[in-house]
Peer 1: 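Below you'll find the structure I mean.
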Amino acid sequence: MTDTARTSGNGGGADTVDDAGGGGARAGSAESARAGKGGSAGSAGSAGSVGIKDVAREAGVSVGTVSNVINQPDRVSPATLQHVRAVIARLGYVRSESARQLRAGRSRIMALLVLDMGNPFFVDIARGAERTARAAGLGVMVCNSDQNPADEADYLSLFAEQRVRGVLVTPADPSGANLRAFRRHGIPSVLVDRVAGDGAGCSVSVDDVVGGSLAIRHLVATGHRSFAYVSGPGHLQQVRDRREGALLALAEAGLPAAALRELPAERLDVASGRDAGSRLLGLADRPTAVFCANDLLALGVLQSLYAAGVRVPEDMAIVGYDDIEFAAAATVPLTSVRQPALTLGAKAAELLLEETGEQAADHRHEHVVLQPELVVRRSTLAGR
């Protein structure tokens, strides 16, 4: 396989003004019906489930015909199809997916492992992935690492045990050791919201350096000269890239790096944002604008400022990141750097399907980079 890189989007970000501010249990009737035919109903009944052989015996057809009815109905005559389906319904037969996977050699389940399912950004990624997977006849198992490398390792081990079709993952382990160990199982993986630096698989990400620059350029354009960056866990590449973009925008404006003060947050959630907001209020020389690594942090900062009587944006402007639904619904609608979360999830699932489908031998690893855009709302509209 070879690697190709692809950049998608508007080429550098844009500003938008938002005015809005197996087997199933068998019924008793099936038991009596099959016993009346003199078959082995009793043994099947004692097992508590109905198998494909039971359906074939009841319908008076071969096991292969039942298999075709389930998996390749176009190969069965309409009359036989209708008859066998009626027997399946009467017996309550449910196909054993695990047995089917063993015979077919591949699963109909892809896994998605994200940092925080409490963040609507990752919920939207999951929705995008699910839409693509369902269109291809697959399901998605969604799991949450909670930004914990140990939990990530446990889930990756589970996915290997279950032999899922493939894994979409936003890594929590900064060293990459968990993914390297997982790849030894031969199960494809696609990085989501992260660039695959080692080229070992596909990735779909957003240019967070551009996103950080968009935020600070906008604040500079509205008259601000002193800034805070409420960051998150330092091992997350997204957090570092957004800071890098902010510093680049300051340099472009002729402002020193010291104009940006970083307030680290332990987690990327509202509670950590409130804590950062309290620290921000305690600064002797408060900045006039704050850029947050995601919208949940920004909403927490907004809560702290509101509680202290600090006006937004008149006393302090706020920019978030992700543009989750709650950003527009905040007490002061939040300016935010929008990430195309649905597209991230959908494209990642598409790449995984390509790598595991019938044309897998022709698959080339791709590294897709999407572009963010700034959505301007009231939290920054009053410049200084």
Side-chain angles (χ1 to χ4, degrees), residues 1-5 97-98 100-102 104-117 119 121-123 125-126 128-130 132-133 136 138-206 233-240 268 341 344-357 359-369:
M1 293 183 183
T2 58
D3 289 355
T4 60
E97 180 61 20
S98 59
R100 194 205 66 82
Q101 288 177 200
L102 285 172
R106 62 178 182 172
S107 171
R108 293 175 57 245
I109 299 294
M110 69 170 64
L112 171 63
L113 181 58
V114 299
L115 294 176
D116 181 10
M117 279 305 295
N119 185 338
F121 168 69
F122 289 112
V123 174
I125 285 178
E130 183 181 32
T132 299
L138 274 67
V140 180
M141 178 195 304
V142 182
C143 298
N144 177 36
S145 71
D146 202 29
Q147 305 176 38
N148 187 326
D151 287 352
E152 176 184 83
D154 288 343
Y155 275 121
L156 290 174
S157 294
L158 174 65
F159 300 155
E161 291 171 5
Q162 296 297 318
R163 302 302 300 177
V164 296
R165 173 76 66 92
V167 176
L168 314 177
V169 57
T170 303
D173 173 23
S175 73
N178 286 342
L179 273 175
R180 286 194 297 273
F182 175 74
R183 286 171 179 149
R184 292 200 297 264
H185 298 287
I187 300 174
S189 61
V190 176
L191 297 191
V192 184
D193 197 30
R194 189 76 55 84
V195 176
D198 58 6
C202 293
S203 64
V204 186
S205 62
V206 173
H235 67 269
L236 295 179
Q237 187 64 47
Q238 299 96 317
V239 170
R240 299 198 299 270
L268 294 168
L344 273 169
K347 185 60 184 177
E350 178 185 320
L351 291 174
L352 186 60
L353 289 170
E354 289 176 2
E355 187 171 358
T356 60
Q359 305 300 319
D362 299 325
H363 174 78
R364 297 183 301 169
H365 291 325
E366 295 186 36
H367 308 296
V368 180
V369 181

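The structure displayed is predicted, hence computed values, not measured ones.
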Peer 1: For E152, what residues pass the side chain to side chain donor-acceptor pair (under 3.5 Å) criterion, not counting sequence neighbours?
Peer 2: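 Expected list: N178.
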Peer 1: Mind checking the CZ-CD spacing from R240 to Q238? Nearest 0.5 Å is all I need.
Peer 2: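 Those atoms lie 9.0 Å apart.
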Peer 1: Could you give the distance from CG (L115) to OG (S145), rounded to the nearest 0.5 Å?
Peer 2: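 L115 atom CG to S145 atom OG measures 5.0 Å (nearest 0.5 Å).
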Peer 1: With sequence neighbours excluded, what pairs up with S189 under the side chain to side chain donor-acceptor pair (under 3.5 Å) test?
Peer 2: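 Listed in chain order: nothing, the list is empty.
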Peer 1: Parallel, tilted or perpendicular: which describes the rings of H365 and H363, with under 30° parallel and over 60° perpendicular?
Peer 2: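 Perpendicular, since the angle between the ring planes exceeds 60°.
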Peer 1: What's the spacing between D116 CG and Q147 CD if we round to 0.5 Å?
Peer 2: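 Reported value, rounded in 0.5 Å steps: 5.5 Å.
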Peer 1: Sequence neighbours excluded, which residues qualify as side-chain contact (heavy atoms from CB on, under 4.5 Å) partners of A150?
Peer 2: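 Applying side-chain contact (heavy atoms from CB on, under 4.5 Å) to A150 gives N148.
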Peer 1: I'd like to check T132 versus L352 (side-chain heavy atoms, cut-off strictly below 4.5 Å). Are they in contact?
Peer 2: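 No, side chains not in contact.
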Peer 1: Among residues at least two apart in sequence or on other chains, which ones pass side-chain contact (heavy atoms from CB on, under 4.5 Å) with A129?
Peer 2: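 With neighbours one apart ignored, the set is L168, A349.
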Peer 1: Would you say the side-chain atoms of R194 and Q237 include a donor-acceptor pair closer than 3.5 Å?
Peer 2: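 Judged by distance alone, the side chains do not pair up.
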Peer 1: Return the set of residues passing side chain to side chain donor-acceptor pair (under 3.5 Å) with D146 (not counting sequence neighbours), or none when no residue passes.
Peer 2: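 Counting only residues at least two positions away or on another chain, D146 forms a side chain to side chain donor-acceptor pair (under 3.5 Å) with R267.
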Peer 1: Say you draw a straight line from CG of D154 to SG of C143; how long is it, rounded to the nearest 0.5 Å?
Peer 2: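 Rounded to the nearest 0.5 Å, the CG-SG separation comes to 11.0 Å.
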Peer 1: What residues, two or more places apart in sequence or in another chain, satisfy side chain to side chain donor-acceptor pair (under 3.5 Å) together with D173?
Peer 2: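 In terms of side chain to side chain donor-acceptor pair (under 3.5 Å), with neighbours along the sequence ignored, D173 is linked to S175.
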